[in-house]
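As the structure lists them, so they are numbered: ligands from 1, and atoms in each ligand from 1. These figures come from a predicted structure and were not determined experimentally.
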Amino acid sequence: MNMKEKLQEIREEAEKRIQNSEGLEQLNEVRVAFLGKKGQLTAVLKGMKDVAPEERPVIGQLVNDARVYIEEFLEETKARMEQILQEKQLKEEVIDVTLPAVKMETGYRHPNTIALEEVQRIFIGMGYEVVEGPEIEYDSYNFTKLNIPEDHPAKDEQDTFYITKDIVLRTQTSPVQARVMEKGELPIRMIAPGRVFRSDEVDATHSPSFHQIEGLVIDKNITFADLKGTLEEFARELFGPETKTKFRPHHFPFTEPSAEVDVSCFKCKGSGCRFCKGSGWIEILGCGMVHPHVLEMCGVDSEKYSGFAFGVGLERIALLKYEIDDMRLLYENDIRFLKQF
Ligand code: DAH
């Protein structure tokens, strides 16, 4: 086979392989196989030394023609492949703007959160500070400094989660009172919201973990009239200006005298309904004048200072305000429930 025929064969083979290439990668393999350093055309050029000198310009021209031809054919094919690829991509990535959008569900504020913010708004408006205390608490703060003696039924293991003999999950937010008084910065006007724990079975009105808001005011000349006025105003703000309050004598170890406060039923306005179990009144909190013994145990001079305290159940407020009749709904966090508030 002479040089001419050999070159013609190379051209044809290259043509075939280019046409049969299935993608850019294969096309590149063809380029290497023919035009690369160890490619077929390069091999021909290397064989030029065996060609008679007078024929060299002619053969040289032919090799060059073949190279240009293959190169152009490669380029053309490559351009066509790229275009097909791009068209395919454009088709695949098309956005159908008529499709319905994916609806993103936004979060909702929990009824507890709404109720807490409402209570905080009211007390902050009256000049109270919001403070927090630990959920894991010393037995001494949860009980002893609040005048709850060693043999008090509240200390029974039935109610209290003990971590060690001296450390408990706080059963009430009242220990924050002791912590704030001990700091010795008087006067005090604070509320302390937070989680509390009791070893209770779950039912419509009980949970082993719930929330309270503690209140404490300590100053000179604080009387039961201040307590009454404050909590009456609180009830009116929370349940509406028509709301009446009733202070029933009660007993708490850390207050003397103590009371429980009922508000007139905001549903039936006091005439009696399912909500207030026919009585016209709903109990909302416990309160009293801070026991002098508690003041002294917490480093406050009970001769100079007096004060009042109260404790509100947050869930109770949320249940009442939003007319929810089962406390368990507050903990299940079912979005269908939460979205109503
Ligand atoms: N700590 C009480 C409880 O958990 C509620 C309470 C009653 C708090 C009277 C007070 C108070 O500060 O004065 O039942």
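Panel note: side chain Arg109, backbone Phe341; no donor-acceptor pair is recorded below 3.5 Å.
The single protein non-hydrogen atom nearest to atom 14 (O) of ligand 1 is Arg198 NH2, 4.0 Å, given as residue, atom name and distance. For atom 5 (C) of ligand 1, the closest heavy atom belonging to the protein is Gly311 CA, 4.1 Å. In this structure, the protein non-hydrogen atom closest to atom 12 (O) of ligand 1 is Glu214 OE2, 2.6 Å. For atom 11 (C) of ligand 1, the closest heavy atom belonging to the protein is Phe254 CE1, 3.5 Å. Protein heavy atom nearest atom 2 (C) of ligand 1, with residue, atom name and distance: Gln172 OE1, 3.7 Å.
Using a 4.0 Å cut-off between a side-chain N of Lys or Arg and a carboxylate O of Asp or Glu, Lys78 and Glu71 do not qualify as a salt bridge. Between Glu233 and Arg236 a salt bridge is recorded (basic side-chain N to carboxylate O distance below 4.0 Å). Using a 4.0 Å cut-off between charged side-chain N and carboxylate O, Arg121 and Glu118 make a salt bridge. The pair Asp326-Arg328 counts as a salt bridge, with a side-chain nitrogen and a carboxylate oxygen less than 4.0 angstrom apart.
Counting atoms of ligand 1 from 1 in the listed order, those under 4.0 Å from a heavy atom of Ala309 are 12 (O), 13 (O). Within the listing of ligand 1, atoms 3 (C), 4 (O) sit less than 4.0 angstrom from a heavy atom of Gln212. Counting atoms of ligand 1 from 1 in the listed order, those under 4.0 Å from a heavy atom of Ser174 are 1 (N), 8 (C). Atoms of ligand 1 found under 4.0 Å from any heavy atom of Gly288, numbered from 1 in the order shown, are 13 (O). Below 4.0 Å from some heavy atom of Gln177 lie the following atoms of ligand 1, by number and element: 12 (O). Of all atoms in ligand 1, listed by their number and element, those nearer than 4.0 Å to a heavy atom of Thr255 are 13 (O).
For the 3.5 Å distance criterion, the side chains of Glu12 and Gln8 qualify, holding a donor opposite an acceptor. Side-chain atoms of Asn64 and Arg67 form a donor-acceptor pair, as typed in the model, at a separation below 3.5 Å.
A parallel orientation is assigned to the rings of Phe310 and Phe123, their planes being inclined by less than 30° (bins at 30° and 60°).
Residue-to-ligand polar distances keep Thr171 apart from ligand 1: every N/O pair is separated by 3.5 Å or more.
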